[in-house]
K.L.:
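Here's a structure for you.
Since this is a predicted model, take the numbers as computed values, not measurements.
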Amino acid sequence: MEFFKRKTNIDFMGIRKWTAVVSVVLIGLSFIFLFARGLNMGLDFTGGYQIQVNYQSTPSTQEVAKTLEKMGFSAVEVTTFGSSDSLMIKLSAPKGENEQSTINQDGQSTQQLLQQQVEAALGQQAHVTSLNYIGPQVGKELATNGLLALIVAMICIIGYIAFRFEMKFAISAGIALLHDPILILGVFSAFQLEFSQVTLAALLAVIGFSLNDTVVIYDRVRENFRKMRKASVIEVMNRSINDTLSRTIITSGLTLLVVVVLYFFGGPSLHEFSLALILGVIVGTYSSIYVAGVLAVLFGLKRESLLPPQKLEDDRP
């Protein structure tokens with residue numbers, strides 16, 4: 001299936017200097033925001049309470065969140081859980097609270113007191129069925145494991161591309177894959193959007209999506225090196241990107257359409273997740289061309305690096 005009926009001949013590499021400047025500036029801004037403002041970590045990482053509440057009728061998640069915020073609760077997140085009349089409420093824990101300091105002077109545990117406050121705030125229709133405390137230590141473990149998963153994935157990806165293609169391709173793809181999550185994290189830091197475990201999963205999905213585009217282009221580059229014997233590296237790279245352009249537009253366009261619909265109609269609980277995917281599709285498509293492709297050329301990609309050496313024929317009788 002082709003998006004264009006005729007072969008395109010766009011000079012993608014002709015503006016590589018400008019796109020390099022854009023990428024460097026965006027990465028620089030992302031690091032500035034990350035170091036200056038940091039990430040707005042969700043309760044999965046900072047610790048807090050998870051409360052399951054059942055209603056007699058279908059409640060409004062936005063109204064429940066506003067009611068709890070008016071009562072003084074902070075970092076309120078309300079989502080449906082299981083059925084439409086059951087909600088999962090997440091609240092941040094008071095500063096300095098831990099699992100050992102859960103008994104007050106009246107002999108009540110913090111969980112019991114919190115349950116009474118939530119039920120009083122939400123009215124008689126609400127009934128708390130479970131209340132669990134998530135300590136910050138769990139959040140640290142999640143952050144550590146997420147970072148470790150990212151590093152292991154990067155190492156495996158670089159090793160696969162080096163084995164499948166060539167080391168210059170592997171290094172270029174590795175840098176391109178780092179480029180994508182850095183920009184997404186920069187956006188989340190700049191606008192202080194909540195970064196949760198679900199958003200981390202979206203980042204890992206973005207890496208896989210970007211890698212898919214990059215490998216397709218690299219495979220076409222190797223194929224075109226065999227066909228275009230007299231063409232330069234720049235010409236081969238341009239031809240390869242143009243050859244895969246229809247596939248890239250269809251794949252990225254349809255994926256982007258799905259996640260945009262998910263952002264607007266999936267509910268508040270999926271906003272950060274779908275936004276990370278939207279940014280990832282756009283940035284990943286860009287980086288597969290103007291980061292992975294340009295860096296491969298910059299690192300001195302040659303025809304001899306990809307084509308197998310010719311066997312010398314023995315003319316002796």
Side-chain angles (χ1 to χ4, degrees), residues 2-33 157-158 161 165-187 190 206-207 209-257 260 277-303 305-306:
E2 295 290 334
F3 186 81
F4 299 104
K5 293 183 179 180
R6 297 181 180 179
K7 280 191 174 183
T8 58
N9 193 25
I10 303 172
D11 185 13
F12 289 98
M13 295 293 104
I15 59 171
R16 62 186 183 278
K17 293 182 180 179
W18 294 104
T19 57
V21 172
V22 170
S23 294
V24 170
V25 170
L26 291 178
I27 290 177
L29 290 174
S30 297
F31 277 120
I32 290 173
F33 282 119
I157 288 169
I158 291 174
I161 295 179
F165 295 97
E166 206 266 339
M167 182 56 68
K168 297 182 180 67
F169 275 166
I171 297 174
S172 303
I175 296 175
L177 294 181
L178 286 175
H179 168 277
D180 301 345
I182 289 173
L183 293 188
I184 296 174
L185 291 176
V187 173
V206 164
I207 291 176
F209 181 87
S210 177
L211 176 66
N212 187 42
D213 270 352
T214 301
V215 170
V216 169
I217 293 175
Y218 283 174
D219 189 59
R220 188 55 61 94
V221 168
R222 180 171 57 184
E223 182 180 336
N224 284 335
F225 265 132
R226 296 171 180 172
K227 295 179 179 179
M228 304 167 64
R229 293 286 181 176
K230 296 182 180 180
S232 64
V233 175
I234 296 293
E235 291 173 340
V236 170
M237 185 63 70
N238 270 328
R239 183 69 266 152
S240 302
I241 297 173
N242 279 280
D243 287 346
T244 58
L245 188 59
S246 289
R247 180 257 175 207
T248 299
I249 291 176
I250 293 173
T251 304
S252 300
L254 291 177
T255 306
L256 186 62
L257 177 63
V260 167
L277 290 178
I278 290 172
L279 295 173
V281 171
I282 297 173
V283 175
T285 303
Y286 164 86
S287 67
S288 64
I289 297 173
Y290 286 114
V291 179
V294 170
L295 286 177
V297 175
L298 182 64
F299 290 156
L301 179 66
K302 297 180 181 179
R303 187 187 310 273
S305 302
L306 294 174

K.L.:
Can you name the closest pair of heavy atoms from R239 and T8 and give their distance?
P.N.:
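Looking at all heavy atoms of both residues, the closest pair is NH2-O, 2.8 Å.
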
K.L.:
Identify whether the distance between the nearest side-chain nitrogen and carboxylate oxygen of E223 and K227 falls below 4.0 Å.
P.N.:
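Looking at K227 together with E223, the answer is yes, because their closest N to O distance falls below 4.0 Å.
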
K.L.:
Working to the nearest 0.5 angstrom, can you tell me the gap between I182 CD1 and S287 OG?
P.N.:
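Answer rounded to 0.5 Å: 11.5 Å.
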
K.L.:
What distance separates I10 CD1 from I241 CD1, expressed to the nearest 0.5 Å?
P.N.:
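Nearest 0.5 Å value for the CD1-CD1 distance: 10.0 Å.
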
K.L.:
Do the non-hydrogen side-chain atoms of S172 and F299 ever get within less than 4.5 Å of each other?
P.N.:
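SC-SC contact between S172 and F299 confirmed.
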
K.L.:
Are F33 and L185 side-chain neighbours, meaning at least one heavy-atom pair lies under 4.5 Å?
P.N.:
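No; the side chains remain at least 4.5 Å from each other.
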
K.L.:
Would you say V206 and L277 make side-chain contact, with heavy atoms under 4.5 Å?
P.N.:
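Yes - at least one pair of side-chain heavy atoms lies under 4.5 Å apart.
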
K.L.:
Can you name the closest pair of heavy atoms from I158 and A170 and give their distance?
P.N.:
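Minimum heavy-atom contact is O-CB, 3.4 Å.
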
K.L.:
Do any N or O atoms from the side chain of T251 and from the backbone of T248 form a donor-acceptor pair under 3.5 angstrom?
P.N.:
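Such a contact is absent between T251 side chain and T248 backbone.
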
K.L.:
For V215 and F165: C-alpha separation, side-chain torsions, deciding distance, then whether side chain to side chain contact (heavy atoms under 4.5 Å, CB included) applies.
P.N.:
CA-CA 9 Å; V215 170; F165 295 97; 4.1 Å; yes

K.L.:
Could you measure the distance from the CD1 atom of I15 to the OH atom of Y290? Nearest 0.5 Å is fine.
P.N.:
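Reported value, rounded in 0.5 Å steps: 3.5 Å.
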
K.L.:
Nearest 0.5 Å, please: how far is OG1 in T244 from CD1 in I289?
P.N.:
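Between I289 CD1 and T244 OG1, I get 7.0 Å after rounding to 0.5 Å.
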
K.L.:
Y286 versus H179: any side-chain heavy-atom pair under 4.5 Å?
P.N.:
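Side chain of Y286 against side chain of H179, heavy atoms only: contact under 4.5 Å found.
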
K.L.:
I'd like to check L279 versus L183 (side-chain heavy atoms, cut-off strictly below 4.5 Å). Are they in contact?
P.N.:
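Counting from C-beta outward, L279 and L183 never come under 4.5 Å.
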
K.L.:
What is the minimum heavy-atom distance between L211 and L177, and which atoms define it?
P.N.:
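Heavy atoms only, the tightest pair is N-CD2, 3.9 Å.
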
K.L.:
What are the two closest non-hydrogen atoms of T214 and A173, and how far apart are they?
P.N.:
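In terms of heavy atoms, the two residues are closest at CG2-CB, 4.2 Å.
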
K.L.:
Rounded to the nearest 0.5 Å, what separation is found between the CZ atom of F225 and the CE atom of M237?
P.N.:
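Answer for the CZ-CE pair, F225 versus M237, is 7.0 Å.
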
K.L.:
Less than 4.5 Å apart, side chain to side chain, heavy atoms only: is that true for K168 and L295?
P.N.:
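No; the side chains remain at least 4.5 Å from each other.
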
K.L.:
Find the distance between CG (N224) and CG (N242) and round it off to the nearest 0.5 Å.
P.N.:
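Rounded to the nearest 0.5 Å, the CG-CG separation comes to 10.0 Å.
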
K.L.:
Quick one, D11 with M13, criterion side chain to side chain contact (heavy atoms under 4.5 Å, CB included). Give me CA distance, side-chain angles, the key distance, then yes/no.
P.N.:
CA-CA 6 Å; D11 185 13; M13 295 293 104; 4.3 Å; yes

K.L.:
Within the 3.5 Å criterion, strictly below it, is a donor on S252 or T285 matched to an acceptor on the partner's side chain?
P.N.:
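Yes.
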
K.L.:
Run the side chain to side chain contact (heavy atoms under 4.5 Å, CB included) test on I217 and S288 for me, step by step, so that the C-alpha distance in whole Å, both residues' side-chain angles and the decisive distance to 0.1 Å come before the verdict.
P.N.:
CA-CA 8 Å; I217 293 175; S288 64; 4.2 Å; yes

K.L.:
List the steps, then state whether side chain to side chain contact (heavy atoms under 4.5 Å, CB included) holds for I207 with I157.
P.N.:
CA-CA 10 Å; I207 291 176; I157 288 169; 3.9 Å; yes

K.L.:
Side-chain contact test, heavy atoms from C-beta onward, threshold under 4.5 Å: evaluate it for D213 versus R247 and give yes or no.
P.N.:
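Side-chain contact under 4.5 Å: yes.
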
K.L.:
I'd like to check I27 versus F31 (side-chain heavy atoms, cut-off strictly below 4.5 Å). Are they in contact?
P.N.:
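In short, these two side chains touch, coming nearer than 4.5 Å.
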
K.L.:
If the test is side-chain contact (heavy atoms from CB on, under 4.5 Å), which one of L301, V297, V221 qualifies with V236?
P.N.:
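Answer after filtering L301, V297, V221: V221.
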
K.L.:
Quick one about Y218 and S240 (side-chain donor to acceptor, distance below 3.5 Å, no hydrogens or angles considered), yes or no?
P.N.:
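Their side chains do not contain a donor-acceptor pair, so the 3.5 Å distance test is not met.
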
